[in-house]
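Here's the structure we're looking at; comments come further down.
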Amino acid sequence: YVASNRAYYAYVEKLGRLAADAADAYFLPNVLYSLTGRMEIPHNQGGVPMGRSVEDGVVDHAGRVFGVPNLLVLDGSTIPVSIGPNPALTIAALSERAMQIVVAQLESTGKIGAEDAR
């Protein structure tokens, strides 16, 4: 797999170096691949972290955005920190659980809103 994509990886590394130069930053190539020969691709996590309230998160445990009715975020960005292994199944489980909660709330109240657990 890596061998058949070698040209693409070289192109991406070149773009990374150009972006780092433009930002006056350091560029680190894929360190894990350099050490182990295994290609690992991280999933973005934590950009919209779940929390107990707006003071420590953007969404509640069901992905409902604090202070914005009827808006949900159901992807890896709600997981506050990297969990290590591929998070696809964790993201799917969190989303499925969230939908059970949200559908029940919608049927009960007619709207979706975050719960502040302070």
Is the side chain of Ser95 donor-acceptor paired with the backbone N or O of Ile91 at a distance under 3.5 Å, no angle test? yes
Taking Thr109 for its side chain and Leu106 for its backbone only, find out whether a donor-acceptor pair lies under 3.5 Å. no
Closest heavy-atom pair, Ala62 versus Ala98, reported as atoms and distance to 0.1 Å, is O-CB, 3.2 Å
If we ignore hydrogens and angles and just use 3.5 Å, is the side chain of Asn70 paired with the main-chain N or O of Ile112 as donor and acceptor? yes
Which pair of non-hydrogen atoms, one from Phe27 and one from Ala20, has the smallest distance, and what is that distance? CB-CB, 3.7 Å
Between Leu72 and Val103, is there a shared hydrophobic cluster once you connect ILVMFWY residues whose side-chain heavy atoms come closer than 4.5 Å? yes
If we only count heavy atoms from C-beta on, is the Gln45 to Ser77 side-chain gap below 4.5 Å? no
Distance-minimising heavy-atom pair for Ile79 and Leu94: CG1-CD1, 3.8 Å
Check whether more than 12 heavy atoms from other residues, nucleotides or ligands sit under 6.0 Å from atom CG of Leu89, and answer yes or no. no
With a 4.5 Å heavy-atom cut-off, do Met99 and Leu74 have their side chains touching? yes
Take Val73 and Met50 through the side-chain contact (heavy atoms from CB on, under 4.5 Å) test and state the conclusion after the steps. CA-CA 10 Å; Val73 177; Met50 71 174 79; over 6 Å; no
Given side chains that start at C-beta, do those of Val58 and Pro49 come closer than 4.5 Å, heavy atoms only? yes
Verify, without hydrogens or angle tests, whether Gln105 (side chain) and Gly113 (backbone) share a donor-acceptor contact under 3.5 angstrom. yes
Give me the atom names and distance for the closest heavy-atom approach of Val65 to Ala114. O-CB, 3.7 Å
Can you check side chain to side chain donor-acceptor pair (under 3.5 Å) on Arg97 and His61, steps first, answer last? CA-CA 9 Å; Arg97 178 182 171 276; His61 64 94; 3.2 Å; yes
Is there a donor-acceptor pair closer than 3.5 Å between any side-chain N or O of Asp60 and the backbone N or O of Glu115? yes
Which residues share a salt bridge (charged side-chain N to carboxylate O under 4.0 Å, His left out) with Arg17, sequence neighbours left out: Glu13
